[in-house]
Trainee: 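Have a look at this one before I ask anything.
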Amino acid sequence: MKKWFRDKNTGFLDNRGGPDILVSKRDLVDCQFLKVGAIVEFECHPGEKGLVAKKVKLVSRHKSAGDVKGKKKEFRFGVMT
């Protein structure tokens, strides 16, 4: 999760160098909002203004910097951090 706007109920997922992916509260599964650093799984669809995430599920909450420092993150298709 890159950024969440609680007042707009939308946010953006980081796309590792590509265009950010828009996510809306209505597309969240079993949660009301996301925090920066959350790891999610989702379906990605083209939208009118770019990529849109659908069926967004929280995989894990943000890990502290000490948890991932010095460790290489595993790349998994469809999982954004």
Side-chain angles (χ1 to χ4, degrees):
M1 184 71 208
K2 181 176 181 176
K3 183 78 175 168
W4 183 262
F5 302 97
R6 287 186 107 172
D7 58 329
K8 297 180 182 181
N9 290 319
T10 60
F12 292 97
L13 302 173
D14 185 17
N15 195 5
R16 296 188 180 196
D20 290 342
I21 302 169
L22 178 67
V23 59
S24 177
K25 180 180 176 179
R26 69 177 171 261
D27 294 308
L28 300 178
V29 177
D30 297 329
C31 64
Q32 297 297 311
F33 63 93
L34 297 172
K35 290 186 177 183
V36 173
I39 298 173
V40 296
E41 291 181 343
F42 59 93
E43 292 180 3
C44 191
H45 299 273
E48 292 178 21
K49 296 182 180 180
L51 298 175
V52 178
K54 302 283 185 181
K55 298 182 184 177
V56 181
K57 297 178 186 177
L58 185 64
V59 173
S60 69
R61 289 173 173 68
H62 177 69
K63 294 183 179 183
S64 67
D67 292 342
V68 294
K69 191 173 184 179
K71 295 181 181 177
K72 187 175 179 182
K73 288 185 179 180
E74 176 185 341
F75 176 76
R76 298 185 332 194
F77 180 77
V79 177
M80 305 302 291
T81 57

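Residues take their numbers from the sequence shown, with the count starting at 1.
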Trainee: With sequence neighbours excluded, what pairs up with D20 under the side chain to side chain donor-acceptor pair (under 3.5 Å) test?
Mentor: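 Partners of D20 under the side chain to side chain donor-acceptor pair (under 3.5 Å) test: K2.
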
Trainee: Among residues at least two apart in sequence or on other chains, which ones pass side chain to side chain contact (heavy atoms under 4.5 Å, CB included) with K49?
Mentor: none

Trainee: Indicate the atoms forming the closest heavy-atom contact of V56 with F42, along with that distance.
Mentor: CG2-CB, 3.8 Å

Trainee: What are the two closest heavy atoms between V52 and G47, and how far apart are they?
Mentor: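 Here V52 and G47 meet closest at CG2-CA, 3.8 Å.
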
Trainee: If I compare all heavy atoms of C44 with all of I21, which pair ends up nearest, and what's the gap?
Mentor: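 Result for this residue pair: SG-CD1, 4.1 Å.
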
Trainee: Can you name the residues that form a side chain to side chain contact (heavy atoms under 4.5 Å, CB included) with R26, not counting sequence neighbours?
Mentor: S24

Trainee: With E48, which residues qualify under side chain to side chain donor-acceptor pair (under 3.5 Å), at least two apart?
Mentor: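 Per chain and number, E48 pairs via side chain to side chain donor-acceptor pair (under 3.5 Å) with no residue.
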
Trainee: Apply side chain to side chain donor-acceptor pair (under 3.5 Å) to K3 and list each qualifying residue two or more places apart in sequence or on a separate chain.
Mentor: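 Side chain to side chain donor-acceptor pair (under 3.5 Å) check on K3 returns nothing, list empty.
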
Trainee: Quick one: salt bridge (Lys or Arg N to Asp or Glu O under 4.0 Å) partners of K55, sequence neighbours excluded?
Mentor: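 For K55 the salt bridge (Lys or Arg N to Asp or Glu O under 4.0 Å) partners, ignoring immediate neighbours, are E43.
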
Trainee: Quick one: list whatever passes salt bridge (Lys or Arg N to Asp or Glu O under 4.0 Å) with K25, sequence neighbours left out.
Mentor: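 With sequence neighbours excluded, K25 shows a salt bridge (Lys or Arg N to Asp or Glu O under 4.0 Å) to no residue whatsoever.
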
Trainee: Rounded to the nearest 0.5 Å, how far does CE of M1 lie from CG of L13?
Mentor: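 Interatomic distance, L13 CG to M1 CE, rounded to 0.5 Å: 5.5 Å.
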
Trainee: Any chance you could pull the hydrophobic cluster mates of F5, using side-chain heavy atoms under 4.5 angstrom and chaining through other members?
Mentor: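 Traced through the cluster, F5 reaches F12, L22.
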
Trainee: Which atom pair, heavy atoms only, marks the closest approach of L58 to A38?
Mentor: CD1-CB, 3.7 Å

